[in-house]
Colleague: 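Quick one: the structure is below, and I'll ask about it shortly.
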Amino acid sequence: MDNCLFCKIIKGDIPSAKVYEDEYCYAFRDINPQAPVHVLLVPKMHVANMAEVSLLPQDAQTALFAAIGKIAAQEKLENGFRVVSNCGPDACQSVHHLHIHILGGRQMAESMA
Ligand code: DGP
């Protein structure tokens, strides 16, 4: 997608602080961190959000979900972490390339809303 911010980050056209990469996924630090660790995990193939995750090839879906635990271990989040993926306007999704927020490094609030 020519006009997608995260596609440009994946291609390296826009710089990012890379945390993890494999054949199917890329992860980088959020520009506006909401926790001591705030990583954005994205599939390299463009899909809009979690509602479209089934459009990814099965191997890419598997890699995406497997990457969460790898990143958490790499970031030493052994005490826990939160995974969030905003999907659509009610969830305030602002970048329309599927991304999974991985948040940790502090006690999270019980409320998720
Ligand atoms: P969401 O609101 O769920 O669509 O989250 C989008 C996130 O993307 C938000 O937490 C801020 C982050 N973000 C936006 N632009 C950039 C950027 O250019 N670089 C990085 N690293 N993160 C960005």
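Whatever order the structure lists ligands and atoms in, that order sets their numbers, starting from 1. Quick caveat, the model's predicted, so the values are computed rather than measured.
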Colleague: Could you see if I71 belongs to whatever hydrophobic cluster contains I9? Use Ile, Leu, Val, Met, Phe, Trp, Tyr and a side-chain cutoff under 4.5 Å.
Modeller: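 I71 does not cluster with I9.
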
Colleague: Membership question, hydrophobic clusters at under 4.5 Å side-chain separation (ILVMFWY): are L64 and Y24 in the same one?
Modeller: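 In one cluster with Y24: L64, no.
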
Colleague: Please determine whether any non-hydrogen atom of H101 lies less than 4.0 Å from an atom of ligand 1.
Modeller: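 It does; at least one heavy atom falls under 4.0 Å.
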
Colleague: Under a 4.0 Å N-O cut-off, is there an ion pair linking E75 with K70?
Modeller: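 No, E75 and K70 are not salt-bridged.
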
Colleague: List ligand 1 atoms under 4.0 Å from H99, heavy atoms only on the residue side.
Modeller: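 Numbered from 1, ligand 1 contributes 1 (P), 3 (O), 4 (O), 5 (O), 6 (C).
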
Colleague: Can you name the atoms of ligand 1, numbered from 1 with element, that are less than 4.0 Å from a heavy atom of V95?
Modeller: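 So the answer, numbered in order with elements, is 4 (O), 6 (C).
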
Colleague: Relative to the heavy atoms of F28, which atoms of ligand 1 are at a distance of less than 4.0 Å?
Modeller: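 That gives atoms 20 (C), 21 (N) of ligand 1.
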
Colleague: Give the cluster check for V95 versus I10: same hydrophobic cluster or not, with ILVMFWY residues linked at side-chain heavy-atom distances below 4.5 Å.
Modeller: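 Yes, it is one cluster - the side chains of V95 and I10 are joined through contacts under 4.5 Å.
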
Colleague: Could you identify the single nearest non-hydrogen protein atom to atom 21 (N) of ligand 1 and state the distance to 0.1 Å?
Modeller: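 Protein heavy atom at minimum distance: R29 O, 2.8 Å.
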
Colleague: Could you tell me the residue and atom name of the protein heavy atom closest to atom 15 (N) of ligand 1, and the distance to it rounded to 0.1 Å?
Modeller: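 In this structure, atom 15 (N) of ligand 1 has L5 CD2, 3.3 Å as its nearest protein heavy atom.
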
Colleague: For atom 22 (N) of ligand 1, what is the nearest protein heavy atom, given as residue, atom name and distance?
Modeller: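 Heavy-atom neighbour on the protein nearest atom 22 (N) of ligand 1: I31 N, 3.2 Å.
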
Colleague: With a cut-off of 4.0 Å, which atoms of ligand 1 are near a heavy atom of F6?
Modeller: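 It comes down to these atoms of ligand 1: 8 (O).
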
Colleague: In ligand 1, which numbered atoms sit nearer than 4.0 Å to a non-hydrogen atom of C92?
Modeller: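 Once the distances to C92 are compared, the set is 2 (O).
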
Colleague: Report, in ascending order of atom number, the atoms of ligand 1 lying under 4.0 Å from any heavy atom of N86.
Modeller: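 Reading through ligand 1 atom by atom, the close ones are 1 (P), 2 (O), 3 (O).
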
Colleague: Check for me, please, whether I100 and L55 land in the same ILVMFWY cluster - side-chain distances under 4.5 Å, paths through other members count.
Modeller: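 Hydrophobic grouping puts I100 with L55.
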
Colleague: Which ligand 1 atoms are under 4.0 Å away from a heavy-atom of Q93?
Modeller: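 Numbered from 1, ligand 1 contributes 4 (O).
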
Colleague: Just by distance, no angles: are the side chains of S16 and Y26 close enough, under 3.5 Å, to form a donor-acceptor pair?
Modeller: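 Indeed, the side chains of S16 and Y26 share at least one donor-acceptor pair under 3.5 Å.
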
Colleague: Could you tell me the residue and atom name of the protein heavy atom closest to atom 4 (O) of ligand 1, and the distance to it rounded to 0.1 Å?
Modeller: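 For atom 4 (O) of ligand 1, the nearest protein heavy atom comes out as S94 N, 2.7 Å.
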
Colleague: Just let me know how V84 lines up against ligand 1, side chain, backbone, both or neither, with a heavy-atom cut-off below 4.0 Å.
Modeller: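 Near ligand 1, V84 shows nothing, with every heavy atom at 4.0 Å or more.
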
Colleague: To the nearest 0.1 Å, how far is atom 12 (C) of ligand 1 from its closest protein heavy atom, and which atom is that?
Modeller: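 Here the nearest protein heavy atom works out to D30 OD2, 3.4 Å.
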
Colleague: For residues I14 and F6, determine if any side-chain heavy atom of one lies less than 4.5 Å from a side-chain heavy atom of the other.
Modeller: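 No - every pair of side-chain heavy atoms lies 4.5 Å or more apart.
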
Colleague: Sequence neighbours excluded and cut-off under 3.5 Å, please list the side-chain donor-acceptor pairs for residues 35-53, or say none.
Modeller:
{"unit_1": "H38", "atom_1": "ND1", "unit_2": "Q34", "atom_2": "N", "d": "2.9"}
{"unit_1": "H38", "atom_1": "NE2", "unit_2": "D30", "atom_2": "OD2", "d": "3.3"}
{"unit_1": "H38", "atom_1": "NE2", "unit_2": "H101", "atom_2": "ND1", "d": "2.8"}
{"unit_1": "K44", "atom_1": "NZ", "unit_2": "E21", "atom_2": "OE2", "d": "2.8"}
{"unit_1": "K44", "atom_1": "NZ", "unit_2": "D22", "atom_2": "O", "d": "2.7"}
{"unit_1": "H46", "atom_1": "ND1", "unit_2": "H97", "atom_2": "ND1", "d": "3.2"}
{"unit_1": "H46", "atom_1": "NE2", "unit_2": "H96", "atom_2": "O", "d": "3.3"}
{"unit_1": "N49", "atom_1": "OD1", "unit_2": "A51", "atom_2": "N", "d": "3.0"}
{"unit_1": "N49", "atom_1": "ND2", "unit_2": "Q93", "atom_2": "OE1", "d": "3.1"}
{"unit_1": "E52", "atom_1": "OE1", "unit_2": "A48", "atom_2": "N", "d": "3.0"}

Colleague: Assigning hydrophobic clusters by single linkage (Ile, Leu, Val, Met, Phe, Trp, Tyr; side-chain heavy-atom cutoff under 4.5 Å), is V84 placed with F81?
Modeller: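 No.
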
